Amino acid sequence: MRLAIINDEPSQDIEQAAATTARLGFDGLEIRSSDGVAPQRMDDAALARIRATVARHGLRVAGFDPPALKCELPRTAAETD
C-alpha cells in the first residue's frame, strides 16, 4: 500500500505541498485543490505543472479529490416518494 496525503493539507502551493509530503516520507499526493482551484476546474497546463512538480519530488499523484457529494444530488421521482 502506498500512502498519500491530500495536497492542500500542508499547502495550497503545489511546490510546498510536494516538498513537505516527500520530506515526511509519504508516497504521493491526492489533489483536492491548488492555488484555490479544484482539479475539475484546472486546465491542461495546470494539471501538467502539478504532475511535473509531484514527480520532481519523487511522488505520484494518488488521485483527484473533487467536491463530489458535498451538495445535494438530484433525486428521481421514485426516490422522493
Side-chain angles (χ1 to χ4, degrees):
M1 177 187 326
R2 294 188 176 113
L3 296 177
I5 61 173
I6 297 172
N7 75 292
D8 61 6
E9 295 287 334
S11 178
Q12 279 284 325
D13 178 84
I14 195 64
E15 181 68 39
Q16 186 176 356
T20 299
T21 300
R23 182 176 49 80
L24 293 173
F26 288 91
D27 302 307
L29 282 172
E30 183 175 341
I31 308 303
R32 180 167 55 191
S33 67
S34 182
D35 296 327
V37 180
Q40 76 275 12
R41 304 249 186 253
M42 293 178 186
D43 61 19
D44 290 346
L47 293 170
R49 184 177 66 84
I50 286 172
R51 185 176 185 180
T53 302
V54 169
R56 190 171 61 253
H57 287 277
L59 304 169
R60 292 181 175 193
V61 174
F64 291 100
D65 188 16
L69 306 177
K70 301 240 178 186
C71 60
E72 189 171 333
L73 297 175
R75 304 275 181 202
T76 65
E79 292 174 314
T80 59
D81 289 340

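Just so you know, these numbers come straight off a predicted model, no measurement behind them. We count residues from 1, following the sequence as given.
- Nearest heavy atoms, Gly28 versus Thr21: O-CG2, 3.5 Å.
- Scanning for salt bridge (charged side-chain N to carboxylate O under 4.0 Å, His left out) contacts around Arg60 gives an empty result, with sequence neighbours left out.
- Side-chain atoms of Asn7 come within 3.5 Å of backbone atoms of Ser33 as a donor-acceptor pair (strictly under, hydrogens ignored).
- Applying the salt bridge (charged side-chain N to carboxylate O under 4.0 Å, His left out) test to Asp35 and every residue at least two apart in sequence or in another chain returns Arg49.
- In this structure, Ile50 shares a hydrophobic cluster with Met1, Leu3, Ile5, Ile14, Leu24, Phe26, Leu29, Ile31, Val37, Met42, Leu47, Val54, Leu59, Val61, Phe64, the cluster being traced through Ile, Leu, Val, Met, Phe, Trp and Tyr side chains under 4.5 angstrom apart.
- Every residue two or more places apart in sequence or in another chain that forms a side-chain contact (heavy atoms from CB on, under 4.5 Å) with Gln16 is listed here: Ser11, Asp13, Thr20.
- Listed by chain and number, the residues in a side-chain contact (heavy atoms from CB on, under 4.5 Å) with Asp43 are Ala45, Ala46 (sequence neighbours excluded).
- Once rounded to the nearest 0.5 Å, the distance linking CZ of Arg23 with NE2 of His57 reads 11.5 Å.
- With sequence neighbours left out, Asp65 forms a side-chain contact (heavy atoms from CB on, under 4.5 Å) with Ile6, Glu30, Arg32.
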